[in-house]
Amino acid sequence: MRVEFSGWTKHRLLMEWIQEIADLCTPKSVYLCDGSEEEYTELCELLVKDGVFTPLNPQKRPGSFWCASDPSDVARVEDRTFICSRLEKDAGPTNHWKDPEEMKAILDKLFQGCMEGRVMYVVPFSMGPYGSALGMLGVQITDSPYAVVNMAIMTRMGKKALEVLGENGSFIPGVHSVGMPLKVGIKDSVWPCSQTKYIVHFPEERSIWSYGSGYGGNALLGKKCLALRIASVKARDEGWLAEHMLIVGITNPEGEKHYFAAAFPSACGKTNLAMLTPAIAGWKVECVGDDIAWMKVGKDGRLYAINPENGFFGVASGTSMSSNLNAMKTIEKNTIFTNVGLTDDKDVWWEGMTKDKPSHLISWKRQDWTPESSEPAAHPNSRFTTPAKQCPIISPSMDDPQGVPISGIIFGGRRASLEPLVYEAFDWAHGTFLGASLSSEMTAAAKGVIGQLRHDPFAMLPFCGYNMGDYFAHWLSMENQTSKLPKIFHVNWFRKDEQGNFLWPGYGDNGRVLKWCFERVSHQIEADRSPIGWLPKLDDLDIDNLNISQETLTKLFTVDAHEWKKEIEELKKYFTLFKDHLPEGISLQLQALEKRFS
Ligand code: OXD
Ligand code: MN
């Protein structure tokens, strides 16, 4: 089939590539997206007609839809995610690798005719504000209209991106197929997907191929595939940082403002922190992004960050008016809900949303559900896809092509013990070591054993597009570019007592911790030196109107030498994984930590 471009683009390489993919995948037709509102509405109507989307009650949630995935396609598939660099050592020990030629042969077979009977959509998009020197352009080809409408929310998608691309601009190509060709006689399913899944990245040629899944990070290629795995490689080559981090602006009662970026593993509360309503009076938080930050040293020597995305793909389960009021307000309209419960009055519900449970609903498995049901109404990794602009505290700087200057970087994990509520790194190299040492209990965001502790350096374990040891070295090397790098902090909201109760209330009260970080970056307060870093003087942590005992506070900040020595042994073992790719700077930090405990 000859693809008719009719002036959609004059970019010769783009047209040749689209034709090549159409020839390989043999769809019944090709649709070139323009990103208009009419197009979004028409695609949603198509998804409704096909039974994929159920429109929600317009009185309750205008412009919104419910849908449920195949029960086998509910999360990112890390074990099917590949970094196919030419050399295995460049993918490193934390990524799955296959020789690029071998992988291309596999993909060639899989993609041959894979879109038969389906429409092939071509989705041009910009990651980051149009024309930002920090931004990047991508084009996703997909046979999933669900992926198209999600991309329309999550990225700056359509004509304008094509204009910026012009006739010879560069773009990251991504091909996505649900992997279920509609051969004659085969009936489509509401959530087509395949048991065979491949999420593949070619870091040298900077391309993405995704097969078999329609869900989230597997299918919305702008997000994890482009903005983290491919972008991290580009960032290494060009001397900047592509990170799994939220970005917030914080203003104190005196009107002073600082921006922070924070890395937490998936489903550890990044969206909640990004949209925080601080429990302390007079402090204001603005959200620039909830998942990804691209950061580059600016002319003034400071690190500037943009959020490459344009929407939130947040975890619905557990989100409530008390855990994240701003997220609840963001999703009041124009939102796609995937794998939550559908109530009888055509609204949505999930575990943790309200204390009172609906007496009946349709669960994410499309089954009748009552509070007595043994299975949850929503999948723990259920999601909302919603425009960032709808967030009541969205920062006007989100669209600033310059980005925002970052004063502090925060690392955090889910640790029941060991890690104090908050501490500060001695310097950049020590902060890099804190990022490299991050461990967290696993959540439902990826397939795996929930609750199991795993190393997740920089919260980038599933997202680093090259050798993680080289990535540590890249972080260390940022110091060669400037002396004005941000301060680095480590937080842990999840420490528990002997009975298994959380010691810290979390959510809005995390604003108290942000306040401490703010006052450290603005040099307003001193801190106490400890073997692991700078700890707050307890009087400096604002606990006004917080019902917390001195004993609990002490436990939150306990640095138990015995536990830390065990952690050091564990880290020694872990870092051997990186062999000669482990930079000396990290080994020296580990040795120094050990020495401080001896
Ligand atoms: C996400 C993730 O979807 O980290 O953001 O899994
Ligand atoms: Mn994420």
Side-chain angles (χ1 to χ4, degrees), residues 69 73-81 94-95 127 146-147 150-151 153-155 176 197 199 201 210 213-232 241-248 261-275 287-294 305 307-319 324 327 330-331 335-340 350 378-386 388 391 410-414 435 438 440-448 450 454 456-465:
S69 76
D73 194 21
V74 292
R76 284 183 292 98
V77 281
E78 293 181 7
D79 54 338
R80 305 301 305 153
T81 300
T94 58
N95 282 315
M127 298 308 286
Y146 169 87
N150 276 267
M151 284 292 285
I153 295 177
M154 293 305 297
T155 70
H176 167 246
K197 292 182 174 50
I199 319 296
H201 309 75
S210 168
S213 166
Y215 204 82
N218 302 327
L220 315 180
L221 303 188
K223 195 173 182 61
K224 304 300 182 182
C225 300
L226 190 160
L228 289 175
R229 300 197 189 96
I230 295 293
S232 61
L241 299 168
E243 301 300 326
H244 192 205
M245 289 181 182
L246 65 93
I247 310 165
V248 282
F264 295 80
S266 306
C268 284
K270 277 211 304 298
T271 306
N272 293 344
L273 190 63
M275 298 182 191
C287 172
V288 182
D290 80 328
D291 197 39
I292 298 173
W294 288 351
N307 166 17
E309 300 190 280
N310 203 27
F312 305 119
F313 182 65
V315 177
S317 288
T319 306
N324 193 338
T330 311
I331 61 179
T335 299
I336 300 166
F337 295 90
T338 309
N339 286 349
V340 304
W350 46 79
H379 187 276
N381 192 36
S382 56
R383 298 282 180 148
F384 51 77
T385 318
T386 195
C391 177
I410 302 173
F411 293 118
R414 201 178 263 273
L438 214 62
S440 192
E441 290 153 22
M442 278 192 76
T443 66
K447 277 188 157 179
I450 295 177
R454 72 166 178 179
D456 190 349
F458 293 82
M460 282 287 279
L461 182 71
F463 308 125
C464 184

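All ligand and atom numbering here is 1-based and tracks the order in the structure.
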Do Thr338 and Tyr215 come close enough that some side-chain heavy atom pair is under 4.5 Å?
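Yes, side chains in contact.
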If we ignore hydrogens and angles and just use 3.5 Å, is the side chain of Trp350 paired with the main-chain N or O of Ala378 as donor and acceptor?
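Judged by distance alone, no pair lies under 3.5 Å.
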Region of Phe312 engaging ligand 1 - heavy atom pairs below 4.0 Å
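Phe312 to ligand 1: no contact under 4.0 Å from either part.
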Quick one: are Arg383 and Asn339 in side-chain contact, heavy atoms under 4.5 Å?
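No - every pair of side-chain heavy atoms lies 4.5 Å or more apart.
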Indicate yes or no: does an N/O atom of Asp291 lie under 3.5 Å from an N/O atom of ligand 1?
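Yes, Asp291 has an N/O under 3.5 Å of an N/O on ligand 1.
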Excluding waters, which protein N, O or S atoms are within less than 2.8 Å of the Mn ion (ligand 2)?
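Lys224 NZ, His244 NE2, Asp291 OD1, with waters left out.
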Hey, mind stepping through Asn150 and Thr385 against side chain to side chain donor-acceptor pair (under 3.5 Å) and telling me if it holds?
CA-CA 7 Å; Asn150 276 267; Thr385 318; 2.7 Å; yes
For residues Ser213 and Asp73, is any side-chain donor paired with an opposing acceptor at under 3.5 Å?
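Side-chain D/A pair, Ser213 to Asp73: present.
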For ligand 1, the portion of Lys223 having any non-hydrogen atom under 4.0 Å away:
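Looking at Lys223 and ligand 1, just side chain atoms fall under 4.0 Å.
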Residue Lys224 vicinity, atoms of ligand 1 by number, heavy atom under 4.0 Å
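The atoms of ligand 1 under 4.0 Å from a heavy atom of Lys224 are 1 (C), 2 (C), 3 (O), 4 (O), 5 (O).
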Tell me whether Asn95 contacts the main-chain N or O of Cys464 through its side chain, where contact means a donor paired with an acceptor under 3.5 Å.
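Judged by distance alone, yes, a pair lies under 3.5 Å.
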Applying side-chain contact (heavy atoms from CB on, under 4.5 Å) to Leu461 and Thr94, what does each step give before you reach the verdict?
CA-CA 7 Å; Leu461 182 71; Thr94 58; 3.7 Å; yes
What atoms in ligand 1 come closer than 4.0 Å to a heavy atom of His244?
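Matching atoms, with element in brackets: 4 (O).
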Do Ser210 and Leu221 make a side-chain contact, defined as non-hydrogen atoms from C-beta onward lying under 4.5 Å apart?
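Ser210 vs Leu221: side chains touch.
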Looking only at distances, can you tell me whether any N or O atom of Ser266, backbone or side chain, sits closer than 3.5 Å to an N or O atom of ligand 1?
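Ser266 vs ligand 1: N/O contact under 3.5 Å present.
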Atoms in ligand 1 with a heavy atom of Phe463 nearer than 4.0 Å:
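Listed by number with element, the hits are 4 (O).
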Would you say the side-chain atoms of Tyr146 and Ser69 include a donor-acceptor pair closer than 3.5 Å?
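Absent: no donor and acceptor within the cut-off.
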